[in-house]
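A short worksheet on the structure shown next.
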Amino acid sequence: MSYLGENIKKLGFGLMRLPQKGDAIDVEQTKQMVDLFMEAGFTYFDTAWAYAGSEDAIRQALVERYPRESFQLATKNAAWINCKTKEEAYAQFDTSLKQTGAGYFDFYLLHNLGESRTKYFDDFDMWNWVQEKKKAGLIRHVGFSFHSTPEELEEILNAHPEMEFVQLQINYADWENPAVQSRRCYEVARKHGKPVTIMEPVKGGMLANPPESVVKILKEAEPDSSAASWAIRFAAGLEGVITVLSGMSNVEQMKDNLSYMKGFSGLSDKEQETLKAAQEELNKIPLIPCTTCNYCAKVCPQHIGISGSFTAMNYLTLYKDKASALHQENWLVGGHGLKRADECVKCGKCEKVCPQHIAIRENLEKVVENLLK
């Protein structure tokens, strides 16, 4: 039985974390990465209107350099970001078409559904609107990305069976995480017969550099394999997956991913046992589950460097090195013109849009207490 995406290789190029040159995306390095990816036979690229500079960069690196039918391009509509009318929400599509120069989108997603965000797509009648775009030939396949509970996913899929696929956060750290519930969300999507694109397989880079105790387990099993490779393979080994999106930030990461995904055919029993041991070890370590998506930053009235603060706090938890953690906080927060955790006014707007359901205000207090005092 065929399914959507069956001819797409299992590694997708996520464009949320492209290489930087100063404050801008490094388009020349992105071109090198695109070339390596395409030469290896991989063809799925994932961007979004909300990923600053990404759509423009992929126009230069991919769309203007390769035949349009040789790749699949996905982008997303975030109607909940500063849209007060349906016209403003619909305009994101036109902006994406212009910025990518793609002519049409192979996969178009209503972005980050769940909780209060779903209401925007309902109020603006975007479910019917995307179907009209599909009939017009501007979209090939329509789906949505989702960060919430399996119960809410069930409600959306019952209400909108016309959706062709779902994009979910799935990684071995979150598989049984009660805040993310990767496994249960995946099972709901499969019950409804929806193929899945997977985001955050490396959990914002955290599983590329896991704690030493986890690295030890992985290296004992496969001394030459990267920690990131285990995370990607875990996600790619699931049934009904269109592709696994890896947010690669440099040529080295691209080469590493291609090295083990070119011939990927599933996980062995031994590999699954290794990952189970890694999961159990990770669960012992109390990290803040931030993936640096920075949706919180888009709504914070104080411009607090939330994700940078959490990255530094996690570094302190993992390595017990306060000086190095402070150095990270100085660069990721102050170095980017953002305010520090102690200037939070606790309005809670950030928590309403956080895909990871992090108690942001509470954790910022921990940053102040443990890192800034």
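All heavy atoms count here, side chains included; hydrogens, waters and symmetry mates do not. The chain is numbered in sequence order, starting from 1. Remember, predicted model here, so these are calculated numbers, not experimental data.
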Just say parallel, tilted or perpendicular for the rings of Tyr172 and Phe234, cut-offs at 30° and 60°. perpendicular

Are a donor atom and an acceptor atom from the side chains of Asp125 and Tyr90 found within less than 3.5 Å of each other? no

Heavy-atom count check: over 12 atoms from other residues, nucleotides or ligands less than 6.0 Å from Lys21 NZ? no

Are Trp331 and His336 an aromatic pair, judged by ring center distance below 6.0 Å? yes

For residues Lys76 and Gln167, determine if any side-chain heavy atom of one lies less than 4.5 Å from a side-chain heavy atom of the other. yes

What distance do Met248 atom CE and Leu11 atom CG have between them, rounded to the nearest 0.5 Å? 4.5 Å

Within the side chain of Glu369, is there an N or O that forms a donor-acceptor pair under 3.5 Å with the backbone of Glu365? no

Might you work through the salt bridge (charged side-chain N to carboxylate O under 4.0 Å, His left out) test for Glu154 and Lys191, ending with a clear yes or no? CA-CA 9 Å; Glu154 182 90 52; Lys191 184 182 84 172; 2.8 Å; yes

Under the criterion side chain to side chain donor-acceptor pair (under 3.5 Å), which of Thr95, Thr47, Thr100, Thr75 is the partner of Glu55? Thr75

Tyr186 vs Trp175 aromatic rings, parallel, tilted or perpendicular, using cut-offs 30° and 60°? tilted

Checking side-chain polar atoms at under 3.5 Å, does Asn257 have a donor or acceptor matched by the opposite partner on Ser246? yes

With a 4.5 Å limit on heavy-atom distance, are the side chains of Phe71 and Leu62 in contact? yes

Against Lys203, only a single residue in Thr292, Leu282, Leu287, Thr291 fulfils side-chain contact (heavy atoms from CB on, under 4.5 Å); can you say which? Thr291

Gln60 versus Asp56, side-chain donor and acceptor atoms under 3.5 Å: yes

Work out which heavy atom in Leu109 is nearest to a heavy atom in Ala74; give both atom names and the distance. CD1-CB, 4.1 Å

Is any side-chain heavy atom of Leu275 less than 4.5 Å from a side-chain heavy atom of Leu267? yes

CG (Asp23) with more than 12 external heavy atoms under 6.0 Å: no

Strictly by ring pair (Phe, Tyr, Trp, His ring centres under 6.0 Å), give each pair with a member in residues 26-48 just once, sequence neighbours left out. Phe13-Phe37, Phe13-Phe45, Phe37-Phe42, Phe37-Phe45, Tyr44-Phe107

Between Asn112 and Tyr295, a side-chain donor and acceptor under 3.5 Å: no

For salt bridge (charged side-chain N to carboxylate O under 4.0 Å, His left out), just list the numbers for Arg184 and Glu151, CA-CA rounded to whole Å, side-chain angles, deciding distance to a tenth of an Å, and then say yes or no. CA-CA 9 Å; Arg184 289 189 60 211; Glu151 291 78 16; 2.7 Å; yes

With a cut-off of under 6.0 Å to the ring centre and 45° to the axis, is Arg17 in cation-pi contact with Tyr51? no

For a quick check under 3.5 Å, do His357 and Glu115 share a side-chain donor-acceptor pair by atom type? yes

May I ask you to check if Arg233 and Phe264 form a cation-pi contact, with NZ or CZ under 6.0 angstrom from the six-membered ring centre and within 45° of the axis? no

State, with a plain yes or no, whether a side-chain heavy atom of Lys134 is found less than 4.5 Å away from one of Gln131. yes

With a 6.0 Å cut-off on the ring centroids, do Phe144 and Phe165 count as close? no

Drop me the distance from Ser307's OG to Ile358's CD1, to the nearest 0.5 angstrom. 9.5 Å

